[in-house]
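Please read the structure below before turning to the comments.
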Amino acid sequence: MTISFRPLEFANLPMLRDWIARPHVAAWWGVPPSREELEEEYRPLILGEAPHRAYIALLDGAPLGFIQSYVAAECHADGWWLNEQDPGVLGIDQFLADGERLGRGLGAAMVGAFVEMLFADPSVTRVQTDPSPANARAIRCYEKAGFRAAGEVVTPDGPALLMYRERRPPDRA
């Protein structure tokens, strides 16, 4: 089993919209955006004009889900992470595309592989995420991927459980 990540492209937007509309995703991501809204939201990311990065996660080369990262300290204008000043802290959001694949460890494997990819950049100090406190499946997924709960916070989307995964110190020989 190999999990890899391909940058989101315009050609992926119809598939992404379909995924967001699926009940297991829409329950947490809300009403699916229109095609135009989705293109407007992801255009800067696809063109490399935003600090956010969005990917299609692949399992053995086939689409598995969606995952994105962002610099937490650069989200203040949108009301997010107002106390975060460290430019090395990245936030992530993700979902598996197919509800039938939930509960099989694929989400934790996807998140774990993505975080390792992010930590390959030495400037990344911590990765954080913020599932709904009611989303037990997501919380378990993040815990399996090495995240720990830091406590509940209030976000522009409502209450969330802030979870962190710190960069591991280098092994000493």
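FYI, side chains are in, hydrogens and waters are out, and symmetry mates aren't considered; it's all heavy atoms of this structure. These numbers come from a predicted model, not from an experiment.
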For this session: Output, in order, the C-alpha distance, side-chain angles, deciding distance and verdict of side-chain contact (heavy atoms from CB on, under 4.5 Å) for M1 and L106.
Result: CA-CA 10 Å; M1 173 177 87; L106 291 171; 3.7 Å; yes
Problem set entry | Stepwise side-chain contact (heavy atoms from CB on, under 4.5 Å) check, I139 with F147 | CA-CA 9 Å; I139 293 166; F147 284 74; over 6 Å; no
Exercise. Could you walk me through whether D130 and T155 pass the side chain to side chain donor-acceptor pair (under 3.5 Å) check?
Worked result: CA-CA 9 Å; D130 59 343; T155 73; 4.9 Å; no
Problem set entry | Audit row: R137, L102, side-chain contact (heavy atoms from CB on, under 4.5 Å) steps and yes/no | CA-CA 9 Å; R137 185 184 307 270; L102 299 175; 3.5 Å; yes
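Contact detail for A145 and G112: the closest heavy-atom pair is CB-N, 4.0 Å. Between P7 and N12, the shortest heavy-atom distance links the atoms O-OD1, 4.0 Å. Nearest approach of P14 to A11, heavy atoms of both residues: CD-O, 3.5 Å. Residues P133 and A160 approach most closely at CD-CA, 3.7 Å, considering heavy atoms. Closest heavy-atom contact between P63 and I56: CB-CG2, 4.3 Å. Across C141 and G107, no two heavy atoms sit closer than the pair SG-C, 3.4 Å.
Residues L45 and L13 share a single hydrophobic cluster, defined by chaining ILVMFWY side chains whose heavy atoms lie under 4.5 Å apart. Residue Y142 is grouped with residue F119 when hydrophobic side chains (ILVMFWY) are merged at heavy-atom distances under 4.5 angstrom, including chains of intermediate members. In the hydrophobic clustering of this structure, I67 groups with L118; members are Ile, Leu, Val, Met, Phe, Trp, Tyr whose side-chain heavy atoms approach within less than 4.5 Å, directly or through other members. Residues V25 and L8 are members of one and the same hydrophobic cluster, defined by side-chain heavy-atom contacts under 4.5 angstrom among Ile, Leu, Val, Met, Phe, Trp and Tyr. Side-chain heavy atoms closer than 4.5 Å link hydrophobic residues (I, L, V, M, F, W, Y) into clusters, and following such links, possibly through other members, connects I20 to M15.
Side-chain contact check for Y42 versus L16: some heavy-atom pair is nearer than 4.5 Å. The shortest side-chain heavy-atom distance between L90 and V71 falls under the 4.5 Å cut-off. Between M110 and L64 the shortest side-chain heavy-atom distance falls below 4.5 Å.
Atom CD of E116 is surrounded by more than 12 heavy atoms from other residues, nucleotides or ligands within 6.0 Å. No more than 12 heavy-atom neighbours from other residues, nucleotides or ligands sit within 6.0 angstrom of CZ on R35.
Remark: F95 engages W29, F66 in a ring pair (Phe, Tyr, Trp, His ring centres under 6.0 Å) (not counting sequence neighbours). Remark: D121 engages S123, V124 in a side-chain contact (heavy atoms from CB on, under 4.5 Å) (not counting sequence neighbours). Remark: H52 pairs with Y70 by the ring pair (Phe, Tyr, Trp, His ring centres under 6.0 Å) rule, at least two apart or across chains. Residues meeting the side-chain contact (heavy atoms from CB on, under 4.5 Å) test with A27, sequence neighbours left out: none. Every residue meeting the ring pair (Phe, Tyr, Trp, His ring centres under 6.0 Å) condition with F114, not counting sequence neighbours, appears here in chain and number order: F5, Y55.
Between atom CE of residue M163 and atom CZ of residue R148 there is a gap of 10.0 Å, rounded to the nearest 0.5 Å. For the atom pair CD (Q68) and CG (D93), the distance works out to 4.5 Å, reported to the nearest 0.5 Å. Atom CD of Q94 and atom OG of S69 lie 12.5 Å apart (nearest 0.5 Å). The CZ atom of R140 lies 9.0 Å from the CG atom of N135; values are rounded to the nearest 0.5 Å.
Side-chain atoms of T129 come within 3.5 Å of backbone N or O of I92 as a donor-acceptor pair.
The salt bridge (Lys or Arg N to Asp or Glu O under 4.0 Å) contacts involving residues 10-26 comprise D18-R22, R22-D98, where partners must be two or more places apart or lie in separate chains.
Evaluated for a side-chain contact (heavy atoms from CB on, under 4.5 Å) with Q128, the options R165, E166, E84 yield exactly one hit, E84.
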